[in-house]
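Sequential numbering from 1 along the given sequence is applied to the chain's residues.
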Amino acid sequence: MKTIIYQLLPRLFGNRNLTNKPRGTIAENGCGKFDDITTEVLRRIKTLGATHIWLTGIIRHATTTDYSTYGLIPQHQSIVKGKAGSPYAIVDYYDVCPDLANNIEHRFDEFLALVSRIHKEGMKVVIDFVPNHVARQYHSICRPKGIENLTDENFYLLEGETFAPKFDIGNYLENPAKATGNDCFNPHPSTNDWYDTIKLNYDNHSTWQRMAEIMHFWASTGIDALRCDMAEMVITDFWRWAIGGLKEKFPHITIIGEVYQPHRYREFLAAGFDLLYDKVGMYDCLRDVVCNRRSTKEITHQWQQTDDIQDSMLYFLENHDEQRIASDFFAGSAEKGLPAVCTALLLRRNPLLIYAGQEMGERGMDTEGFSGSDGRTTIFDYWALRSLNNCFFDRRRLTKSQKTIIDQYQKLLQIAISERAITDGDFFDLMYVNPQLCNKQYAFLRKTGKELLLIVVNFDSNELSSQVVIPQHAFDYLELRQATHRATDLITKKKESINLMPDTPIDIKIDPNSYKILKLKL
């Protein structure tokens, strides 16, 4: 089975309050809840093609919303990003975000009920583990008996220095100052730094113990995977020790690493990670192809760089950090991104990540508050997305364009999870014998048993009318026999005749920003 991870931020995902006041409070703009992710919603996500759901923003993090009546210590508003706060500025590793609960005193039970609902629908659960940094006012009140709290020894103290960032923080006092999460080892971070966080110190082995305890705690809740935020900023010796111990007790747990240094990919896989972001690689390449900054022949170069570890590469075109495909900062429309999605999804056996709203062309051009209109969907503000509301809670409001994009995503994802040539098959790149395609198109084969897929992707805004050659080497490598076959286009379901012979051109016609996926029964 090919893994398809569907990422959603419950705070945004289930919010049906469309007031959307910039910098609005939770009372003004509302907030999605665990309970909004119903069985019906989950079935719709599964029908799309998802095998996993990544619940982002689960662990309790810094926020400006006051929950002191429930015994939760308020955070100083000057060191919280936005009204809702960053999901990655953790204030208690052993608690869940109270924003997401209908009954705040039973918030953990509501989270566990959601995990159970996801499992009942045959999907797996991914949550974040944030090992590099915590909120500046971290203090766990929900840790299990026998677990120690983090103390000053677990951070980098800037002795003799008072925290004094390059912006006003009112009466917030931190003395001595602590190093900021993005390796800012001075007391004067700017607004571009992760000023709402402090960096954990792995030179102290008690930090290793505290972090391993947290990983074991969340694994015991029944989740299936941990996505480790900024994993590359934590030493691999810790990961080797911690992941090894975790998998001895919870062998089913998948560990996903956010790593942006391709030259270190194999180092992190050797330390125990199962999957790694391939951002500075295939993501950057496909984005540049869509934006006409690179030719499609660069795609070949990218997969060759990770060919020996291909199954461990997590491909994506969107996530909470990146700009939306349809934004003015990327492709400007969801349609122009479809060729890249097709390529990332069908190229190899490795997983793909979809970010909620991507499949309906969410543009990410709202001016929500903290980060402004930057082509991203905010993770710092209380907000709602009309696209998600239209798709999951009021489908009568789906536009024709949204329906078209959803249909294309669903077709592609269903092909990816159901066609054995994709889930289990071999791969053959056709670009080296088709130089006529090396600017705006990409062609490749996938094959298993007696099933062959010929896939040609058109990144051009013009119709493609060309020919594709399959070389003798492909016939030898994939054990193909020359013959005339009936082929089915898996997108349109139309049938055509294909003369499968070495070095014999096959006529191909493809619409702008589209693809042809021909299935041959050999």
Report task. Compute the ring centroids of Y277 and Y283, then answer whether they are less than 6.0 Å apart. Result ->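 Ring centres of Y283 and Y277 not closer than 6.0 Å.
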
[X] side-chain N/O to [Y] backbone N/O, donor-acceptor pair under 3.5 Å:
X	Y	answer
K2	L352	no
N17	A384	no
N29	W383	no

Query raised in the report: Has K247 got more than 12 heavy atoms of other residues, nucleotides or ligands less than 6.0 Å from its NZ?
Result: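 Count over threshold, so yes.
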
Query raised in the report: So with a 6.0 Å cut-off around CZ of F217, is the heavy-atom count from everything else above 12?
Result: yes

Would you say the side chain of [Y] lies within less than 4.5 Å of the side chain of [X], judging by non-hydrogen atoms?
X	Y	result
F370	S86	no
D95	L72	yes
N154	S206	yes
T51	K124	no
L388	L8	no
C142	F108	no
T47	E121	no
M230	Y260	yes

Report task. Assess whether side-chain contact (heavy atoms from CB on, under 4.5 Å) is satisfied between V280 and Q261, documenting all intermediate values. Result -> CA-CA 7 Å; V280 185; Q261 302 176 70; over 6 Å; no

Report task. Among residues two or more places apart or on two chains, list those pairs meeting ring-ring contact (aromatic ring centres under 6.0 Å, His included) that have a residue in residues 43-64. Result ->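 Only W54-H320 qualify under ring-ring contact (aromatic ring centres under 6.0 Å, His included).
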
Requested in this report: Could you check E213 against Q209 for side-chain contact (heavy atoms from CB on, under 4.5 Å), going step by step and ending with a plain yes or no?
Outcome: CA-CA 6 Å; E213 290 165 349; Q209 184 63 35; 3.3 Å; yes

Requested in this report: Please step through side-chain contact (heavy atoms from CB on, under 4.5 Å) for the pair Q302 and D284, ending with a clear verdict.
Outcome: CA-CA 10 Å; Q302 290 306 323; D284 283 350; over 6 Å; no

Query - Check against salt bridge (Lys or Arg N to Asp or Glu O under 4.0 Å), D109 and R107 - result: CA-CA 5 Å; D109 292 332; R107 56 191 179 276; over 6 Å; no

For [X] and [Y], which I'm curious about, is there any donor-acceptor pair between the side chains at under 3.5 Å?
X	Y	result
Y88	N132	no
N182	D193	yes
Y355	E322	no
E362	S387	yes
R397	Q402	no
Y382	T19	no

Where does the angle between the aromatic ring planes of [X] and [Y] fall among parallel (under 30°), tilted (30 to 60°) and perpendicular (over 60°)?
X	Y	answer
F111	W218	perpendicular
F238	W241	tilted
F393	F13	perpendicular

Report task. Decide salt bridge (Lys or Arg N to Asp or Glu O under 4.0 Å) for K83 and D381; before the verdict, give the C-alpha distance in whole Å, the side-chain angles of both, and the deciding distance to 0.1 Å. Result -> CA-CA 5 Å; K83 292 292 185 183; D381 303 279; over 6 Å; no

Query raised in the report: With a distance cut-off below 6.0 Å to the six-membered ring centre and an angular limit of 45° from the axis, does R143 pair with Y93 as a cation-pi contact?
Result: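 The answer is no, since R143 fails at least one limit relative to Y93.
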
Query - Y195 six-ring face occupied by K81 cation (under 6.0 Å, within 45°) - result: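 Yes.
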
Requested in this report: Please lay out, stage by stage, how R240 and D237 fare under the test salt bridge (Lys or Arg N to Asp or Glu O under 4.0 Å).
Outcome: CA-CA 5 Å; R240 188 175 296 105; D237 283 347; 3.1 Å; yes

Where is the tightest heavy-atom contact between [X] and [Y], given as atom of each residue plus distance?
X	Y	result
I325	E318	N-OE2, 2.8 Å
G170	S78	N-OG, 4.0 Å
R11	P87	NH2-CG, 4.1 Å
K336	A331	CD-O, 3.5 Å
S373	M365	OG-O, 3.1 Å
S371	E368	OG-OE1, 4.4 Å

Report task. Tell me, please, which residues at least two apart from H133 pass ring pair (Phe, Tyr, Trp, His ring centres under 6.0 Å). Result ->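 If we apply the ring pair (Phe, Tyr, Trp, His ring centres under 6.0 Å) test to H133, skipping adjacent residues, the hits are W194.
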
Query raised in the report: Where do Y138 and T197 land on the side-chain contact (heavy atoms from CB on, under 4.5 Å) test, with the steps shown first?
Result: CA-CA 9 Å; Y138 181 90; T197 69; over 6 Å; no

Query - Sole candidate of V134, N149, I214 that passes side chain to side chain contact (heavy atoms under 4.5 Å, CB included) when paired with S140 - result: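 Result: among V134, N149, I214, N149 is the only option passing the side chain to side chain contact (heavy atoms under 4.5 Å, CB included) with S140.
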
Query raised in the report: How far apart are the C-alpha atoms of R136 and D196, what are their side-chain angles, what is the distance that settles it, and do they pass the salt bridge (Lys or Arg N to Asp or Glu O under 4.0 Å) test?
Result: CA-CA 6 Å; R136 301 204 87 93; D196 55 336; over 6 Å; no

Query raised in the report: Ion pair present between D374 and R376, side-chain N to carboxylate O less than 4.0 angstrom?
Result: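 Yes.
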
